[in-house]
Novice: 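Would you mind keeping the following structure in view while I ask a few things?
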Amino acid sequence: MPKRSKVVELLNAQSPIDIIAAKGWVRTRRDSKDFSFIELNDGSCLTNIQVIADSILTNYDAIKTITTGSAISVEGKLVRSPGSGQQWEIQATNIDVIGHAPDSYPLQKKRHSDEFLRTIAHLRPRTNKYGALFRIRSQLSYAIHRFFQERGFWYIHTPIVTGADCEGAGEMFSVTTLDLSNVPKKDSHVDYAHDFFGKEAKLTVSGQLSAEMLALALGEVYTFGPTFRAENSNTSRHISEFWMVEPEMAFYELNDDMDIAEEFVRYLATYAIEECSEDLALFARFVDKTLMNTLENIASNEFIRLPYTEAIGILENSGGSFEFDVAWGKDLQSEHERYLTECHFRRPVIVYDYPKDIKAFYMRLNDDGKTVTAMDVLVPRVGEIVGGSQREERYDVLKARIEEMGLSEQDYWWYLDSRRFGSAPHSGFGLGFERFLMLITGITNIRDVIPFPRTPKHLEF
RNA sequence: UCCCCGGUAGCUCAGCUGGUAGAGCGGGUGGCUGUUAACCACUAGGUCGGCGGUUCGAGUCCGUCCCGGGGAGCCA
């Protein structure tokens, strides 16, 4: 048997090939008078290859029982197709059924709702839409590495399991080997001294604090890995386990941070347009008609940069009626972010210099004493896609902020240490990969851009 | 967690003011055909999400629970 070719290679052939082999899953089969048409897909690209199974094949009776979803192996020659609609097709000389799919196979040759497909997440990668999505997901993962590697960033790995209360960014999942039906206690509290690590352990909500330590040694670094939030959030934009990209750069101030964040987002949009065109076209056609305009807009326009105080002014003078009041000192609500990026500017907006009371302790305090060097990149439809800041590098100021926020200085001893020994200005940001995929594909529910989503009360598959 | 909407055939849905259920696709059978979401004919398939209530009678009205979706908060 000849070496198996990928369908994408066959479709891109320059000339006929006498002997080829292909394997994949049947999308549909149609009978003609003396032969059968089989649409074969192996995941290597969106397009199927058409296989002609002539009735003279010795197992033609078996071939006629091939159903949608079956796995088959095909040998034959690659020929120019006499039919319209495809350039190449396989004239089969032998077809074997590797795995039959009975007619209870849930995927049909028709559009299914995303809600239904979510209930069969183990099979939905076999649809055109989800196949395309997961290929784009892979390509953009690669593009993320390429962007940073091209710029001399080092890829680092920060812990998944982390000590308690050291990050303060939402609810965390506990990690324990304690017998939950017989928890050791001391003064009516759980005694973590008996737990695996001898102290309370959690799943990470961010690798940032660790990444800062590496940035203050390697210069420019980034993480790209799983992140966990135990928030009881039930929305189309939240999942409990997601992937986040977190670059961290020494000697970068806030403007440098905004520069690299903008360059990064535009690089990825450009990459998607150029390298994922076939799969992207599916989303532009069936999911969001305005998708290509949105992507071109991101790729080719400079982002608006807007201090928080000016953003508040725009919102106050907008004349728009918002459900939530706009006032200096309050965080921007989803509706406010969307107004800025979708209505007022109609392009991505970076809002920066937020009031210190609504932002994290590690953000650098500005000279006005009221704001910190936070910056959020807001994009149409998805809202906040990047959140970042210049970090507080001054030991005394950072220590005061930790105390002010009621955090424990001891928990942060190593973080503070980095400000005692050769401290330097540095900055970073985080980008939620799934939210970014929503932006790129137009998919509106975050559960549909990750293979097996984890959300409250859902741990199937 | 809060607010709103929904749950009818394998899938997508229709079913007006209460009178015991329909279509398209999919499946099966037959026909036709270098077809391509193929086409034509026939056919099978549903205790209308669960429980309780109102009524002579409930898919339809009421209560409650479960599940799904949208929005909000939290955030990425």
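Side chains are part of it too, since the values below use all heavy atoms of this structure and drop only hydrogens, waters and symmetry mates.
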Novice: In whole angstrom, give me the gap between the C1' atoms of A58(B) and A38(B).
Specialist: 43 Å

Novice: Between F148(A) and F224(A), is the ring centre distance below 6.0 Å?
Specialist: no

Novice: Determine: side-chain N/O of R338(A) to OP1/OP2 of A72(B), distance under 4.0 Å, yes or no.
Specialist: yes

Novice: Should the side chain of Q86(A) and the base of U35(B) be counted as holding a donor-acceptor pair, with the cut-off at 3.5 Å?
Specialist: yes

Novice: Between C42(B) and G52(B), how far is it from one C1' atom to the other, in whole Å?
Specialist: 44 Å

Novice: Any idea which of C75(B), U1(B), G69(B) is nearest the N232(A) side chain?
Specialist: U1(B)

Novice: On the side chain of H238(A), is there an atom forming a donor-acceptor pair with the base of C75(B) - under 3.5 Å, no angle test?
Specialist: yes

Novice: Going by purine N1 to pyrimidine N3 plus the second Watson-Crick contact, or the G-U wobble pair, all under 3.5 Å, which nucleotide sits opposite U1(B)?
Specialist: A72(B)

Novice: Figure out the CG/C1' separation between D114(A) and G68(B), and round it to whole Å.
Specialist: 13 Å

Novice: Please list residues of residues 53-83 of chain A whose heavy atoms come under 4.0 Å from any atom in RNA chain B, ordered by number; otherwise none.
Specialist: S81(A), P82(A), G83(A)

Novice: Is I385(A) touching bases, backbone alone, or none of the nucleic acid, heavy atoms closer than 4.0 Å?
Specialist: sugar-phosphate

Novice: Is a donor-acceptor pair below 3.5 Å formed from side chain Q108(A) to base G10(B), judging by atom type as modelled?
Specialist: yes

Novice: Does R237(A) pair with E434(A) as a salt bridge, N-O distance under 4.0 Å?
Specialist: no

Novice: Pick the P atom in G7(B) and in C61(B), then give their distance to the nearest Å.
Specialist: 10 Å

Novice: Could you tell me the separation between the CD1 atom of I49(A) and the P atom of U35(B), rounded to a whole number of Å?
Specialist: 19 Å

Novice: Check this one for me: any side-chain N or O of S334(A) less than 4.0 Å away from OP1 or OP2 of G73(B)?
Specialist: yes

Novice: In whole angstrom, what separates I144(A)'s CD1 from A76(B)'s C1'?
Specialist: 13 Å

Novice: Picking from T373(A), T371(A), N366(A), what satisfies side-chain hydrogen bond (donor to acceptor under 3.5 Å, both in side chains) with D353(A)?
Specialist: N366(A)

Novice: Is the ring centre of Y352(A) less than 6.0 Å from the ring centre of Y354(A)?
Specialist: no

Novice: Determine which nucleotide pairs with G34(B), using a 3.5 Å limit on both distances of a Watson-Crick or G-U wobble pair.
Specialist: none

Novice: Looking at W328(A), I want to see if its CH2 is surrounded by more than 12 non-hydrogen atoms of other residues, nucleotides or ligands under 6.0 Å.
Specialist: yes

Novice: When you measure from the side-chain N and O atoms of H458(A) to the phosphate of C67(B), is any distance below 4.0 Å, counting only OP1 and OP2?
Specialist: no

Novice: Looking at U33(B), C74(B), C11(B), which one has an atom nearest to any side-chain atom of E231(A)?
Specialist: C74(B)

Novice: Compare the minimum distances between each of G34(B), C75(B), G69(B) and the side chain of R237(A), then state the nucleotide with the smallest one.
Specialist: C75(B)

Novice: Could you tell me the Watson-Crick or G-U partner of A41(B), where both distances fall under 3.5 Å? Say none if there is no partner.
Specialist: U29(B)

Novice: Return the OG1 to CG distance between T127(A) and D114(A), rounded to the nearest 0.5 Å.
Specialist: 9.0 Å

Novice: If you take atom types as modelled and just measure distance, does the side chain of N234(A) reach the base of U1(B) with a donor-acceptor pair under 3.5 Å?
Specialist: yes

Novice: Is the centre of the Y155(A) ring less than 6.0 Å from the centre of the Y222(A) ring?
Specialist: yes

Novice: Considering only atom P, compute the distance from U8(B) to C13(B) and round it to an integer number of Å.
Specialist: 9 Å

Novice: With side chain to side chain contact (heavy atoms under 4.5 Å, CB included) as the test, would you mind laying out the steps for E212(A) and L214(A) before giving the verdict?
Specialist: CA-CA 5 Å; E212(A) 285 185 48; L214(A) 278 293; over 6 Å; no

Novice: Identify whether any heavy atom of F436(A) sits under 4.0 Å from a base atom; if not, whether one sits that close to sugar-phosphate; answer base, sugar-phosphate or nothing.
Specialist: nothing

Novice: So how far is it from I38(A) CD1 to N48(A) CG, rounded to the nearest 0.5 Å?
Specialist: 12.0 Å

Novice: Using the C1' atom in both, what is the distance from G53(B) to U60(B), to the nearest Å?
Specialist: 15 Å

Novice: Has R30(A) got a side-chain N or O lying under 4.0 Å from the OP1 or OP2 atom of A38(B)?
Specialist: yes

Novice: Under 30°, 30 to 60°, or over 60°: which ring-plane class applies to Y412(A) and Y415(A), parallel, tilted or perpendicular?
Specialist: perpendicular

Novice: Looking at S236(A), does any N or O in its side chain come under 4.0 Å of the phosphate oxygens OP1/OP2 on G71(B)?
Specialist: yes

Novice: Does E89(A) contact G34(B) through a side-chain donor or acceptor facing the base, at a distance under 3.5 Å?
Specialist: yes

Novice: Scan R27(A) against the nucleic acid and name what it touches under 4.0 Å (heavy atoms): base, sugar-phosphate only, or nothing.
Specialist: nothing

Novice: May F242(A) be described as stacking on the base of A76(B), applying a 5.5 Å centroid limit and a 30° limit on plane angle?
Specialist: yes

Novice: I'd like the C1' distance from G46(B) over to G26(B), given in whole Å.
Specialist: 16 Å

Novice: Taking the P atom of each, how far is U54(B) from G63(B), in whole Å?
Specialist: 15 Å

Novice: Between R118(A) and Q91(A), which has a closest nucleotide on RNA chain B that is more 5'?
Specialist: Q91(A)

Novice: Among the candidates G69(B), U35(B), C75(B), find the nucleotide nearest to the side-chain atoms of F37(A).
Specialist: U35(B)

Novice: Does a side-chain heavy-atom distance below 4.5 Å link E278(A) with L280(A)?
Specialist: no

Novice: Look at all strands and tell whether N445(A) reaches a base, only sugar-phosphate, or nothing, counting heavy atoms closer than 4.0 Å.
Specialist: sugar-phosphate

Novice: Could you let me know what U60(B) is paired to, Watson-Crick or G-U wobble, both distances under 3.5 Å, or none if it's on its own?
Specialist: none

Novice: Could you check I446(A) against I52(A) and say which one's nearest nucleotide on RNA chain B is further toward the 5' end?
Specialist: I52(A)

Novice: Counting just side-chain N and O atoms, does S233(A) come under 4.0 Å of either OP1 or OP2 of C74(B)?
Specialist: no

Novice: To the nearest Å, give me how far apart CD (E460(A)) and P (C67(B)) are.
Specialist: 13 Å

Novice: If I pick the P atom on C48(B) and the same atom on A21(B), what distance separates them, to the nearest angstrom?
Specialist: 11 Å

